[in-house]
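What follows is a set of notes on a single structure, which appears directly below.
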There are 2 protein chains.
Amino acid sequence: MSDKKLIQSRDNIVEAAGRTTQGFGLGRIIGQLYALLFFSPEPMSLDDMAGELKVSKGSVSTNIRELEKWGAVRRVWIKGDRKDYYEAEVEFFRVIKSGILPFISRKLDSSLAAVSESRELINAGDQLKSGDKSLADFYSRRLDLIEKAQKKLSALFKLPLW
Amino acid sequence: MSDKKLIQSRDNIVEAAGRTTQGFGLGRIIGQLYALLFFSPEPMSLDDMAGELKVSKGSVSTNIRELEKWGAVRRVWIKGDRKDYYEAEVEFFRVIKSGILPFISRKLDSSLAAVSESRELINAGDQLKSGDKSLADFYSRRLDLIEKAQKKLSALFKLPLW
DNA sequence: CAATACATTCAGTCCATATTGAACGAATAA
DNA sequence: TTATTCGTTCAATATGGACTGAATGTATTG
């Protein structure tokens, strides 16, 4: 096997990772970056990564900090070198637990603010015509369903599964 | 409370649902549609929905069938009427279990095809220069990590959590 | 039969946002 | 000090894919 074949097999996964993150609405580069570091025996600098992926340094900077937030990569210091180097956190489940799940959780929380708002809007009104009242009751029961699901979901997210 | 206030509180949630699905890379209308039906006391036709959301009938048709695939809405027949009517499946967890999780699972599976491919590429080569060999070994160990995570993940997806 | 009333399709348009790259600031080196 | 060498920012651009709406197909009605 030539070195070229090895690089090719790595690039194959890099590309797939990019497609995957793109498919989940996270952009292509973030997945490619993680895969690149995951298959790098040595830490890489921003310029290294930009060069390998043929993308701008600005993109690498932005995306690598996103990955850092998730705990998917970490910065490593190399003595006598001013550049920032990064390596991948290779324990997937640590990334999922400490990075991805909280990320999803936060997104959901922010959308649930609307539910509380609507609940207040509905509860606030007391003087109702009879037709409106039955519709308000219906809405109220629907909101109950959402809150029930919310509780189940957040309990699930807190479960120590791994 | 006026009827207007009720509609407003519904639209508030419809909008939030649209933002949420958009945030997850699923498009705005699919979330708005589900929320609209979720808060409708009666089944709605395609024209009803297009009218309420001010979007094209084509969009409604496409998105409602996506929701149908997920089991998030179901078609209901109203006698003596040629239109298709839809109502929401209001049990969130049923939707998550039978619609959303399999959807995610399929996405992940398709990206894991690349892993097998790379595994084969690496295992196929036997005559290696020594430098290449150690890199090949490194890649091989990384692939092991991915497959380990894959197994944990698919086990998790099959867990009867609710 | 023709006319109507519906849902679906898909080429074209449009929009959200991912990505770029020049400008900037900070830190180090000379 | 000035000149480099980094990383970051953000206005501008590029791109993927969501959305539109006219055309199409199909079933029903008259």
Side-chain angles (χ1 to χ4, degrees), chain A residues 14-37 43-70 73-87 103 107 111, chain B residues 14-37 43-70 73-87 103 107 110:
Chain A
V14 168
E15 199 193 318
R19 272 201 311 272
T20 304
T21 49
Q22 181 129 277
F24 283 110
L26 300 171
R28 172 179 50 94
I29 294 180
I30 198 164
Q32 291 187 331
L33 268 182
Y34 180 70
L36 183 63
L37 289 177
M44 299 182 80
S45 70
L46 294 191
D47 285 318
D48 292 340
M49 295 185 264
E52 286 284 338
L53 298 181
K54 313 281 189 213
V55 296
S56 77
K57 201 175 175 178
S59 280
V60 174
S61 175
T62 305
N63 283 289
I64 205 77
R65 272 181 295 125
E66 191 66 22
L67 283 170
E68 219 180 350
K69 270 193 222 159
W70 297 2
V73 304
R74 67 177 78 85
R75 199 181 301 208
V76 293
W77 299 98
I78 293 187
K79 60 181 177 185
D81 199 322
R82 282 166 54 196
K83 294 182 185 176
D84 292 346
Y85 286 87
Y86 291 88
E87 65 181 13
F103 170 78
K107 278 209 173 189
S111 12
Chain B
V14 167
E15 198 193 320
R19 272 200 312 271
T20 304
T21 49
Q22 181 130 274
F24 283 109
L26 300 170
R28 171 178 49 95
I29 294 179
I30 198 165
Q32 291 187 331
L33 268 183
Y34 179 69
L36 183 64
L37 288 177
M44 298 181 81
S45 70
L46 294 191
D47 286 317
D48 292 339
M49 295 185 264
E52 286 285 337
L53 298 181
K54 313 282 188 212
V55 296
S56 77
K57 200 175 175 180
S59 280
V60 174
S61 175
T62 304
N63 283 288
I64 205 79
R65 271 181 297 125
E66 191 66 23
L67 283 170
E68 218 180 351
K69 270 194 222 159
W70 297 3
V73 305
R74 67 177 76 86
R75 199 182 302 209
V76 294
W77 270 280
I78 293 187
K79 60 182 177 184
D81 199 322
R82 284 164 55 192
K83 294 181 186 178
D84 292 346
Y85 287 86
Y86 291 88
E87 66 182 10
F103 171 77
K107 279 208 170 188
S110 80

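Rounded to whole Å, atom P of dG16(D) lies 19 Å from atom CG of Leu26(B). At whole-Å resolution of the value, CD in Glu66(A) and C1' in dT19(C) are 15 Å apart. At whole-Å resolution of the value, OH in Tyr85(A) and C1' in dT5(D) are 12 Å apart. Here the P atom of nucleotide dT8(D) and the CG atom of Asp47(A) are 12 Å apart, to the nearest Å. We find that CG of Asp84(A) is positioned 13 Å from P of dA27(C), with the value rounded to whole Å. Residue Gln22(A) contributes atom CD, which lies 18 Å from atom P of dA16(C) at whole-angstrom precision. In this structure, Trp77(B) atom CH2 and dA27(D) atom P are separated by 14 Å, rounded to whole Å. Look at CZ on Arg82(B): it is 13 Å from C1' on dG25(D), rounded to the nearest Å.
Residues forming a salt bridge (charged side-chain N to carboxylate O under 4.0 Å, His left out) with Lys69(A) (at least two apart in sequence, or on another chain): Glu66(A).
The stretch residues 49-60 of chain B touches DNA chain C through Lys57(B), Gly58(B), each having a heavy atom under 4.0 angstrom from the strand.
For the OP1/OP2 pair of dT8(C) and a distance below 4.0 Å, the side-chain nitrogens and oxygens of Ser61(B) include at least one atom meeting the criterion. One finds a side-chain N or O of Arg28(A) lying less than 4.0 angstrom from the OP1 or OP2 phosphate oxygen of dT19(C). The phosphate of dT9(C) has OP1 or OP2 within less than 4.0 Å of a side-chain N or O from Arg65(B).
Each of Leu46(B), Leu36(B), Val76(B) was evaluated against Tyr86(B); a single residue qualifies, Leu46(B), per the side chain to side chain contact (heavy atoms under 4.5 Å, CB included) test.
The distance from the CH2 atom of Trp70(B) to the CD1 atom of Ile30(B) is 4.5 Å, given to the nearest 0.5 Å. To the nearest 0.5 Å, atoms CE (Met44(B)) and CG (Leu37(B)) are separated by 6.5 Å. Taking CD1 of Ile64(A) as the start and CZ of Arg75(A) as the end, the distance is 9.5 Å to the nearest 0.5 Å. Between the NZ atom in Lys54(A) and the OG atom in Ser59(A) there is a gap of 15.0 Å [rounded to 0.5 Å].
Projected onto DNA chain D by closest heavy-atom contact, Lys83(A) and Gly23(A) fall at different nucleotides, the more 5' of which corresponds to Lys83(A).
Closest non-hydrogen pair, Tyr34(B) versus Leu67(B), comes out as N-CD1, 4.0 Å.
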